[in-house]
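Heads up: the structure comes next, in structure tokens.
Every chain is numbered from 1, with letters handed out A, B, ... down the list of sequences. This one's a predicted model, so the numbers in the text were calculated from it and none came from an experiment.
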There are 2 protein chains.
Amino acid sequence: MPNTPALPSPEKHIAESTVRRLSLYLRVLDQAAARGLQTISSVVLAEEGGTTSAQVRKDLSFFGSFGKRGRGYDVAELVTALQDILGLGREWKVYIVGAGKIGSALVSYRGFSQRGFRVVGIYDNNPQMVGRMLDGVGIRSMAQLEHDAARELPDIAVLTVPAEHAQAVADRVVAAGIRAIMNFAPAPLHVPPSVTVKSVNMALELEGLAYALVRRDAGEPPR
Amino acid sequence: MPNTPALPSPEKHIAESTVRRLSLYLRVLDQAAARGLQTISSVVLAEEGGTTSAQVRKDLSFFGSFGKRGRGYDVAELVTALQDILGLGREWKVYIVGAGKIGSALVSYRGFSQRGFRVVGIYDNNPQMVGRMLDGVGIRSMAQLEHDAARELPDIAVLTVPAEHAQAVADRVVAAGIRAIMNFAPAPLHVPPSVTVKSVNMALELEGLAYALVRRDAGEPPR
DNA sequence: CATGGCTTGTGAAGAATTTCACAAGAACGC
DNA sequence: GCGTTCTTGTGAAATTCTTCACAAGCCATG
Ligand SMILES: NC(=O)c1ccc[n+]([C@@H]2O[C@H](COP(=O)([O-])OP(=O)(O)OC[C@H]3O[C@@H](n4cnc5c(N)ncnc54)[C@H](O)[C@@H]3O)[C@@H](O)[C@H]2O)c1
Ligand SMILES: NC(=O)c1ccc[n+]([C@@H]2O[C@H](COP(=O)([O-])OP(=O)(O)OC[C@H]3O[C@@H](n4cnc5c(N)ncnc54)[C@H](O)[C@@H]3O)[C@@H](O)[C@H]2O)c1
């Protein structure tokens, strides 16, 4: 019997960096599957994912034992295992709040729907926008948010409102029972510990590049 | 004489996490300045930035000594110091490659221009798009890229093309002499070590949220 | 000008993460 | 069946990052 999918239930805390890399491995595996690869070794997985083979094996070892010595990992099996671990076996309902430039771009992003993230509602406080459709999803009034959430039980809220309103919107979203927030506004959010927040701060990434450029020119040791 | 801005020249390697936090502090300081604060302590800076006061002081200590014991940090002074450290004292020329949904949203993003990142060129390989204007910047043909770059010497390329073309575009951009890339495509890029890449992978962040949600329900120790 | 209350800067300790290195298992050829 | 080659899984070591804890400095007040 071929290696039944291990139930992903480590009792230890898993580092966020490990979880990020698991997502990355999943992406590499998708490509490998598309190229018709049956099997992949930790060395190849590492090369394509930009890390080391020891890191790959260690990351996976937290959740079980998925490979075969001398062979490597079965691509299809590992995809299933990683999806299980990451909670991608189901559909996640997403609200987007803020139907502006970035919010509209995200609605139709296939990278989300491919992984089971389904946008079920878009909210905006501008009456001009309410009622319009974005990629098949209607823009709703902010007034409805709590009411809709009680019925639809969305899992994740994506915040794409101006930074100065981000905290207020986060408060409402939390009060409405949503326990995961992805924040695109460049403002640190303060939420109860039962709520998970991930921030995507693009200006911050650019600043990291600027830093790298000035350091490089100044002759920073490249480590 | 009031604390002349220390030249930011640590000989040691500085962790990426430290640099990210410096950007964050800068954001908190902007808000503090807007509220009229003259001075701010590491405790307040930490609370608003979502870290600890010891972390704030340690981060800053890598670059010099910016505070006054018993008083805290002068907001305006620290802003200047951080901008210096991060290389935000100058204008950075940015090319955006891929004038699709996310590329167009980024062109007009004020968070970039506010920090001195100026979009000087947008490129697309779709002839239909070439010549159109996006927020005052014309979309140019990919054929021109190398030629324009030799003249304009852009510092940073933002890649917003489909994942399957990201590597090819990265290769061209590197060959054109650009040494910093911000990659929005969900594909790991392989570039020479002289080039710095930062990837913003939004699906990956969502997957991190999904993981947090399944773990939380499964009763992961909250660390 | 002495005292008390605050706050920084920083070595040292502690914790977390990554890398090393190797025993053990699997496949293949002969 | 046996040796060779490959590759995993994992303790242990090494490295990196964060937190602790406190001496030293600054300011206000009396
Ligand atoms: N445009 C970009 O490329 C970009 C990039 C990174 C981050 N961001 C951040 O994303 C956020 C949105 O940016 P954008 O460019 O899409 O702005 P935008 O102005 O195009 O869109 C913001 C939308 O939010 C709505 N809104 C405002 N206040 C609201 C509230 N209280 N409740 C509900 N809706 C509200 C507005 O009506 C508008 O439709 C900002 O915080 C911005 O800093 C934008
Ligand atoms: N839309 C989103 O919300 C979103 C979010 C995160 C990441 N992304 C990623 O960003 C990238 C772009 O996404 P999008 O939604 O803007 O797609 P899009 O299709 O709207 O835009 C892509 C643009 O790139 C151009 N292009 C294609 N190949 C090119 C090439 N070889 N050289 C130059 N230009 C080329 C196309 O003409 C098009 O204008 C994708 O990799 C996507 O995965 C998108």
Worksheet item: Got a sec? Which of residues 36-50 of chain A come in under 4.0 Å of DNA chain D, heavy atoms?
Response: A:S41, A:S42
Worksheet item: Between A:Y123 and A:Y95, what is the ring plane arrangement, given parallel below 30°, perpendicular above 60°, and tilted in between?
Response: tilted
Worksheet entry | Separation of atom CD in A:E77 from atom P in D:dT8, rounded to whole Å | 14 Å
Fill in: Within 6.0 Å of CZ in A:R110, more than 12 heavy atoms from elsewhere
no
Worksheet item: In whole angstroms, how far is the P atom of D:dT8 from the CG atom of A:L78?
Response: 11 Å
Discussion item. Looking at A:Y73, I'd like to know whether one of its side-chain N or O atoms comes within less than 4.0 Å of OP1 or OP2 on C:dA26.
Written reply: no
Find every protein N or O atom lying less than 3.5 Å from an N or O atom of nucleotides 18-20 of chain C, and list the pairs.
unit_1 : atom_1 : unit_2 : atom_2 : d
C:dT18 : OP1    : A:R21  : NH1    : 3.0
C:dT18 : OP2    : A:R21  : NH2    : 2.9
C:dT18 : O5'    : A:Q55  : OE1    : 3.3
C:dT19 : OP2    : A:T52  : OG1    : 3.4

Discussion item. Which heavy atom of A:L86 sits nearest to which heavy atom of A:S23, and what is that distance?
Written reply: CD1-OG, 3.8 Å
Discussion item. The test is side chain to side chain donor-acceptor pair (under 3.5 Å); show your working for B:N201 and B:E205 and say whether it passes.
Written reply: CA-CA 7 Å; B:N201 193 327; B:E205 303 295 333; over 6 Å; no
Response to the item:
Output for pair (B:I178 CD1, B:E146 CD), nearest 0.5 Å, gives 9.0 Å
Worksheet item: What is the distance, rounded to the nearest whole Å, between atom CZ of B:F66 and atom C1' of C:dG9?
Response: 12 Å
Practice prompt. Measure the OH-CG distance between B:Y109 and A:L206 for me, rounded to the nearest 0.5 Å.
Written response: 9.5 Å
Item to complete: Grab the CG-P distance between B:D74 and D:dC26 for me, whole Å please.
Response: 15 Å
Item to complete: Might you point out which heavy atoms bring A:H190 and B:E48 nearest each other, and give the distance in Å?
Response: NE2-O, 3.8 Å
Worksheet, complete the sentence: Heavy-atom closest pair (A:E152 atom, A:V120 atom, distance to 0.1 Å) is OE1-CG2, 4.2 Å
Practice prompt. Rounded to the nearest angstrom, tell me the gap between atom CZ in A:R20 and atom P in C:dA16.
Written response: 20 Å
Worksheet item: Between A:R27, A:R21, A:K198, which is the residue that forms a salt bridge (Lys or Arg N to Asp or Glu O under 4.0 Å) with B:E207?
Response: A:R27
Below 3.5 Å between N/O atoms, which protein atoms pair up with nucleotides 23-25 of chain C? Just atom names and distances, please.
unit_1 : atom_1 : unit_2 : atom_2 : d
C:dA24 : N3     : A:R69  : NH1    : 3.2
C:dG25 : N2     : A:G70  : N      : 3.0

Discussion item. Using 0.5 Å steps for rounding, measure from the OG1 atom of B:T196 to the CZ atom of A:R215.
Written reply: 12.5 Å
Fill in: Spacing of A:K68 atom NZ relative to C:dA27 atom C1', expressed in whole Å
12 Å
Worksheet item: Do other residues, nucleotides or ligands put more than 12 heavy atoms under 6.0 Å from the CD atom of B:Q38?
Response: no
